[in-house]
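Just follow the structure's listing: the first ligand is 1, and inside any ligand the first atom is 1. Bear in mind the structure is a predicted one, so any value in this text is a computation, not a measurement.
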Amino acid sequence: MIEFFRVTKRYAGGQIGLDGVDLRIDPGQMVFLTGPSGAGKTTFLKLIYCEEMPSSGNILVNGRNVSSLPRSKVPYLRRTIGVVFQSFRLIPRKTVFENVCYLPRILGLSSREQKKLAFETLRQVGLAHRLNAFPLQLSGGEQQRVAIARALINRPEILLADEPTGNLDPELSDEIMRLILDIHLRGTTVIFATHDRDLIQRVGRRVLTLDQGKLIDDYELPSGLAAETEATDGEQK
Ligand SMILES: Nc1ncnc2c1ncn2[C@@H]1O[C@H](COP(=O)(O)OP(=O)(O)O)[C@@H](O)[C@H]1O
Ligand SMILES: [Mg+2]
């Protein structure tokens with residue numbers, strides 16, 4: 001569960017990132033975060049994974065107050081949260097396998113365990129056959145799949161996606177959207193920031209709208225794409 005209590009983020013230059021936001025996201029929910037550029041979407045996500053700290057207010061992630069988390073505890077929090085970015089952020093000189101193994105290696109898993117986890121996770125995103133490729137040998141959609149695998153390898157309870165389809169063609173966007181929905185349907189809480197209103201309409205579910213740092217709308221859309229995926233889910237596995 002993620003809870004915001006009157007959360008405000010004011011950057012050093014005085015810019016307002018987030019302005020008095022109150023909300024609750026239940027475990028396993030799928031939520032879209034929308035609003036124009038500069039509305040505060042990225043700030044909202046950064047506050048959850050402690051890339052930024054709020055200027056006032058409190059944020060609880062699974063009951064733990066992350067707004068006062070000492071720096072040394074941040075890596076523990078990050079083990080339960082996966083993050084995906086618009087620009088993929090893969091390491092170009094490392095293979096797909098090495099990019100995905102970054103976290104297990106840091107956590108000190110044996111190379112055999114790393115391999116097993118990486119293989120399973122790459123299979124989940126449909127890229128087990130590209131283990132030894134380098135990021136630039138892959139299409140944009142495939143690179144984003146690798147980035148998703150990297151975010152998932154730790155089996156996080158929460159997946160934060162910051163405009164993950166922003167650099168992709170509509171067809172590839174849908175592919176990535178389906179993959180992220182599949183992850184949600186397996187029980188992960190997903191917060192998906194996008195300003196693509198069409199995408200949100202197609203998928204449905206809860207929609208939070210930010211404007212100039214304020215939460216100006218919070219409503220539920222009927223499930224679209226999600227329902228389709230649910231219906232075929234059993235056949236795929
Ligand atoms: N590191 C930063 N330093 C100063 N201002 C920032 C910083 N990051 C974001 N902002 C400002 O905070 C506001 C919200 O930005 P952001 O969260 O990136 O919005 P969005 O992701 O919706 O485009 C904007 O006015 C932006 O200029
Ligand atoms: Mg942003």
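- Contacts between Pro36 and ligand 1, counted as non-hydrogen atom pairs separated by less than 4.0 Å, involve the backbone only.
- If you look at Asp162 next to ligand 1, there are no close heavy atoms at all, none under 4.0 Å.
- When each atom of ligand 1 is checked for a heavy atom of Thr42 under 4.0 Å away, the hits are 17 (O), 18 (O), 20 (P), 21 (O).
- Taking a cutoff of 4.0 Å between a charged side-chain nitrogen and a carboxylate oxygen, Asp19 and Arg10 do not qualify as a salt bridge.
- Nearest protein heavy-atom neighbour of atom 6 (C) of ligand 1: Tyr11 CD1, 3.2 Å.
- If you number the atoms of ligand 1 from 1 as listed, the ones under 4.0 Å from a heavy atom of Ile16 come out as 12 (O), 13 (C).
- By the 4.0 Å N-to-carboxylate-O rule, Arg64 lies too far from Glu3 to be salt-bridged with it.
- Summary of contacts: the protein heavy atom closest to atom 19 (O) of ligand 1 is Gly40 N, 3.1 Å.
- Atom 26 (C) of ligand 1 is never approached by the protein to below 4.0 angstrom, counting heavy atoms only.
- Between Arg145 and Glu175 there is a salt bridge, since at least one side-chain N of the basic residue sits less than 4.0 Å from a carboxylate O of the acidic one.
- At least one heavy atom of Gly38 sits under 4.0 Å from some atom of ligand 1.
- Gly35 does not count as a contact of ligand 1, since none of its heavy atoms falls under 4.0 Å from the ligand.
- Distances from atom 23 (O) of ligand 1 to the protein include at least one heavy-atom value under 4.0 Å.
- In summary, Asp218 and Arg206 engage in a salt bridge, as defined by a charged side-chain N under 4.0 Å from a carboxylate O.
- Polar contact check, Glu52 against ligand 1: no nitrogen or oxygen pair lies under 3.5 Å apart.
- In the model, Asp196 has no side-chain atom that pairs as donor or acceptor with a side-chain atom of Thr194 under 3.5 Å.
- Side-chain contact between Ile148 and Phe88: absent, with no pair of heavy atoms (C-beta onward) separated by less than 4.5 Å.
- For ligand 1 and Thr43, the ligand atoms under 4.0 Å from any heavy atom of the residue are 14 (C), 15 (O), 16 (P), 17 (O).
- With a heavy-atom cut-off of 4.0 Å, Gln15 touches ligand 1 through its side chain alone.
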- [ ] Show your reasoning for whether ring-ring contact (aromatic ring centres under 6.0 Å, His included) applies to Phe119 and Phe97.
- [x] CA-CA 8 Å; Phe119 191 73; Phe97 175 78; 9.4 Å; no
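- With Thr189 contributing its side chain and Gly28 its backbone, the two residues share a donor-acceptor pair below 3.5 Å.
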